[in-house]
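Here's the structure, in structure tokens; my notes come after.
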Amino acid sequence: MTTTPFRVCFVCTGNICRSPMAEHVFRSYVDEAGLGGLVEVDSAGTDGWHEGDGADPRTVHVLEEGGYTSGHTARQFHRDRFARLDLVIALDAGHLRALRRMAATPEDAEKVRLLRSYDPAADGDLDVPDPYYGDMDGFEECLKMVEAASAGLLDAVREAVEGRATPAT
């Protein structure tokens with residue numbers, strides 16, 4: 001059997017805090033589940049302010065403390081990426097709106113979801129708050145939210161991947 005890789009992109013504002021954190025955490029979950037060859041994970045920002053920069057040092061710190069990888073180069077999300085992606089994960093409602101406005105088709109808009117919508121314990125507010133202007137506590141809280149949602153997201157992605165398996169030709 002051959003499968004088409006399932007592609008997931010996490011999106012925040014500048015692609016230096018929340019989305020790279022979510023990318024690295026989710027990639028770890030994917031690898032632990034044995035789906036590393038079937039799921040591609042990356043991240044981007046709605047804006048290009050930090051394009052080419054590494055992740056915020058506080059993001060790197062909490063990722064490494066949590067046992068995750070942290071290598072990253074920021075980039076901006078562009079409309080043409082929708083065609084190559086299966087799921088676009090927004091980190092807050094502002095990103096969700098921006099990405100859905102950017103979508104060229106209703107099908108592209110349907111690919112956009114909020115990360116915390118995959119956390120069954122999330123109650124009400126589904127935003128992952130931007131930790132950039134705060135202290136380390138905000139980054140640690142961000143990591144907890146990302147981890148809490150990643151298991152549910154993994155279940156959804158696993159189901160989609162299993163549905164994509166096609167006979168080899």
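Quick caveat: nothing in here was measured; it's all calculated off a predicted structure. Counting begins at 1 with the first residue of the sequence.
In this structure, V157 is not a member of the same hydrophobic cluster as V88, with clusters built from ILVMFWY side-chain heavy atoms closer than 4.5 Å. Residues L143 and M145 share a hydrophobic cluster, clusters being chains of Ile/Leu/Val/Met/Phe/Trp/Tyr side chains in contact below 4.5 Å. Hydrophobic clustering (ILVMFWY, side-chain heavy atoms < 4.5 Å, transitive): V8 and L114 are in distinct clusters. The cluster map of Ile, Leu, Val, Met, Phe, Trp and Tyr, joined by side-chain heavy atoms under 4.5 Å apart, puts V41 and L87 in the same cluster. The hydrophobic cluster containing V161 also contains V30, counting ILVMFWY residues as joined when their side-chain heavy atoms lie under 4.5 angstrom apart, directly or transitively.
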(request) Start with the C-alpha distance between V62 and M136, add both sets of side-chain angles, then the distance that settles side chain to side chain contact (heavy atoms under 4.5 Å, CB included), and finish with yes or no. (result) CA-CA 8 Å; V62 296; M136 284 302 294; 3.4 Å; yes
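At a threshold of 4.5 Å between non-hydrogen side-chain atoms, the residues V146 and F10 do not count as touching. Proximity of H24 to H72: side-chain heavy atoms (C-beta onward) are separated by under 4.5 Å at one or more points. Between L63 and T69, every side-chain heavy-atom pair lies at or beyond the 4.5 Å cut-off. For the pair I89/F26, no side-chain contact is recorded, criterion being any heavy-atom separation below 4.5 Å from C-beta on. Between M21 and Y68, every side-chain heavy-atom pair lies at or beyond the 4.5 Å cut-off. Looking only at side-chain heavy atoms (C-beta outward), L154 and L35 come within less than 4.5 Å of each other.
Without hydrogens or angle criteria, R18 side chain to C142 main chain gives no donor-acceptor distance under 3.5 Å. Side-chain atoms of D56 never come within 3.5 Å of backbone atoms of I16 as a donor-acceptor pair (strictly under, hydrogens ignored). Counting only distance, with no hydrogens or angles, the side chain of R58 and the backbone of G134 share a donor-acceptor pair below 3.5 Å. For the pair R7 (side chain) and E40 (backbone), a donor-acceptor distance under 3.5 Å is absent.
Contact between E147 and Y29 at its shortest, heavy atoms only, is O-OH, 3.4 Å. Scanning all heavy atoms of the two residues, the minimum distance from V60 to S70 falls at CG1-OG, 3.6 Å. Minimum heavy-atom separation, L99 to A90: CD1-CB, 4.0 Å. Closest approach of R100 and A109 over heavy atoms only: NE-O, 3.4 Å. Between C9 and R81, the closest heavy-atom pair is SG-NH1, 3.6 Å. Residues H95 and C12 share a closest heavy-atom pair of NE2-C, 3.3 Å.
Partners of F82 under the ring-ring contact (aromatic ring centres under 6.0 Å, His included) rule, at least two apart in sequence or in another chain, are F77.
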When the side chains of residues 123-132 are checked against the rest of the protein, which donor-acceptor pairs come out under 3.5 Å, sequence neighbours left out?
residue, atom, partner, partner atom, Å
D125, OD1, D127, N, 3.0
D127, OD1, A93, N, 2.7
D130, OD1, Y132, N, 3.0

I'd like a table of donor-acceptor pairs (distance under 3.5 Å, sequence neighbours excluded) in which one partner is a side-chain atom from residues 46-55, with atom names and distances.
residue, atom, partner, partner atom, Å
H50, ND1, D53, OD2, 3.4

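A salt bridge does not link K111 to E107: none of the charged nitrogens lies less than 4.0 Å from a carboxylate oxygen. Salt bridge status for D42 with R84: absent, with no side-chain N to carboxylate O gap under 4.0 Å.
The distance from atom OG of S28 to atom CD of E23, rounded to the nearest 0.5 Å, is 12.0 Å. If you take OG1 on T105 and CZ on R79, they are separated by 9.5 Å, rounding to the nearest 0.5 Å. Atom OG of S150 is separated from atom CD of E32 by 10.5 Å, given to the nearest 0.5 angstrom.
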